[in-house]
Undergrad: 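Input: one structure, supplied below.
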Amino acid sequence: MIVGIIPARYASTRFPGKSLIDIRGKSMIQRVYEQSTKSKALDKIVVATDDKRIYDHVVAFGGEVVMTGEQHPSGTDRCWDAFKQLKGDYQYIINIQGDEPFIDPMQIDELAMVLQDGTTELATQMIPVSSHEMLFDKGEVKIVLNDRMEALYFSRMVIPFIKGVDEKEWHKHHTYYRHVGMYAYRKDVLEAITKLPVSSLEKAESLEQLRWVEHGYKIKCVPTRFESHCIDTPEDVEKVLALLS
């Protein structure tokens with residue numbers, strides 16, 4: 001069984017209260033929740049928040065929600081806090097981004113496909129890089145893979161370096177992937193990774209998944225055809241609506 005958990009905190013650094021902003025008549029968190037309910041893979045969906053305003057709002061639109069602690073440094077930690085409060089024999093948790101109001105439910109199903117045999121420890125998604133500009137954008141996290149489609153490394157820099165080829169042509173000579181940030185965790189692994197100390201690689205790149213890799217956990221990477229449309233700032237709202245109109 002798989003539970004989808006949507007972390008939603010009020011005190012976002014760049015956009016406080018963004019979970020409750022109105023997007024064409026519905027709040028962002030309601031849109032994420034309703035899109036997630038269309039997934040065929042999830043047995044349950046719950047919002048995890050540390051704010052009573054978000055909690056009350058989710059209850060008001062008929063969603064399921066749990067209150068978590070305020071101290072959590074990441075959505076992963078908030079997911080574990082929420083999971084411990086749930087009843088049910090769930091083997092996997094999918095962390096659904098609370099700032100993607102138009103997430104396609106099929107994207108959730110794509111990720112869930114690799115969880116079927118129970119051996120996957122962690123999973124995430126990726127999308128091929130198709131341009132020089134995207135490849136060298138340090139805001140886009142790139143993934144280096146082994147032959148089992150497991151992550152060897154995540155970096156904001158371009159890896160591998162292609163010797164003897166102009167940088168503008170690199171994406172034509174190697175299949176590069178960029179990270180799409182939805183995670184699936186096996187429940188025992190989720191518990192374990194929330195107890196790990198912050199690692200040196202994580203500090204260097206400011207990427208929590210490097211902590212897991214550095215401690216030997218295997219992250220299965222699943223190709224997706226769906227682009228992520230996150231809302232991190234007030235300006236992103238119109239950008240996302242323009243892309244989808």
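This structure is a prediction, so every number in the text was calculated from the model and none was measured.
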Undergrad: Between Lys18 (side chain only) and Ile231 (backbone N and O only), is there a donor and an acceptor less than 3.5 Å apart?
TA: yes

Undergrad: Would you kindly confirm whether Tyr183 and Val47 end up in one hydrophobic cluster when ILVMFWY residues are joined by side chain heavy atoms under 4.5 Å apart?
TA: no

Undergrad: Charged N to carboxylate O below 4.0 Å: is that the case for Asp166 and Lys168?
TA: no

Undergrad: Strictly distance-based, threshold 3.5 Å: is any side-chain N or O of Arg156 a donor or acceptor partner for the main-chain N or O of Ser206?
TA: yes

Undergrad: Treating Glu238 as the side-chain partner and Pro234 as the backbone partner, does any N or O pair qualify as donor plus acceptor under 3.5 Å?
TA: no

Undergrad: Count the heavy atoms belonging to other residues, nucleotides or ligands that lie under 6.0 Å from CE of Met1, then report whether that count exceeds 12.
TA: yes

Undergrad: Flag the pair Arg211 and Glu208 as a salt bridge only when some basic side-chain nitrogen lies within less than 4.0 angstrom of an acidic carboxylate oxygen.
TA: no

Undergrad: In plain terms, say whether Glu227 and Arg178 are close enough for a salt bridge, that is, a side-chain N and a carboxylate O under 4.0 Å apart.
TA: yes

Undergrad: Go through the steps to decide whether Gln35 and Glu100 satisfy the test side chain to side chain contact (heavy atoms under 4.5 Å, CB included), and finish with yes or no.
TA: CA-CA 10 Å; Gln35 286 298 101; Glu100 293 188 25; over 6 Å; no

Undergrad: Would you mind checking if Lys187 and Asp89 are paired as a salt bridge, meaning a charged N to carboxylate O distance below 4.0 Å?
TA: yes

Undergrad: Between Gln209 and Thr124, do the side chains contain an N or O donor and an N or O acceptor separated by less than 3.5 Å?
TA: no

Undergrad: When you compare the side chains of Asp50 and His72, does any donor N or O come within less than 3.5 Å of an acceptor on the partner?
TA: no

Undergrad: With a 4.5 Å cut-off on side-chain heavy-atom distances among I, L, V, M, F, W and Y, is there a chain of contacts connecting Leu86 to Met67?
TA: no

Undergrad: May I ask you to decide if Glu64's main-chain N or O and Tyr33's side chain share a donor-acceptor pair within less than 3.5 Å?
TA: yes

Undergrad: Can you spot which of Thr68, Thr49, Thr194 makes a side chain to side chain donor-acceptor pair (under 3.5 Å) with Arg78?
TA: Thr68

Undergrad: Under 4.0 Å between a Lys/Arg side-chain N and an Asp/Glu carboxylate O for Lys195 and Glu191?
TA: yes

Undergrad: Establish whether Met182 and Tyr185 are linked, either directly or via other cluster members, by ILVMFWY side-chain heavy-atom contacts under 4.5 Å.
TA: no

Undergrad: I'd like to know whether CD of Glu70 has more than 12 heavy-atom contacts from other residues, nucleotides or ligands below 6.0 angstrom.
TA: no

Undergrad: Is it the case that one hydrophobic cluster holds both Ile103 and Ile54, taking links as side-chain heavy atoms less than 4.5 Å apart, direct or via other members?
TA: yes

Undergrad: Does the side chain of Tyr55 come within less than 4.5 Å of Val58's, by heavy atoms?
TA: no

Undergrad: Is Trp80 linked to Val66 within one hydrophobic cluster, defined over Ile, Leu, Val, Met, Phe, Trp and Tyr using a side-chain heavy-atom separation of less than 4.5 Å?
TA: yes

Undergrad: Contact between Cys230 and Gln97 at the side-chain level, heavy atoms closer than 4.5 Å - yes or no?
TA: no

Undergrad: Can you confirm whether Phe102 sits close enough to Ile23 that some side-chain heavy atom of one is under 4.5 Å from a side-chain heavy atom of the other?
TA: yes

Undergrad: Just wondering, do Lys142 and Leu135 contact through their side chains at under 4.5 Å, heavy atoms?
TA: yes

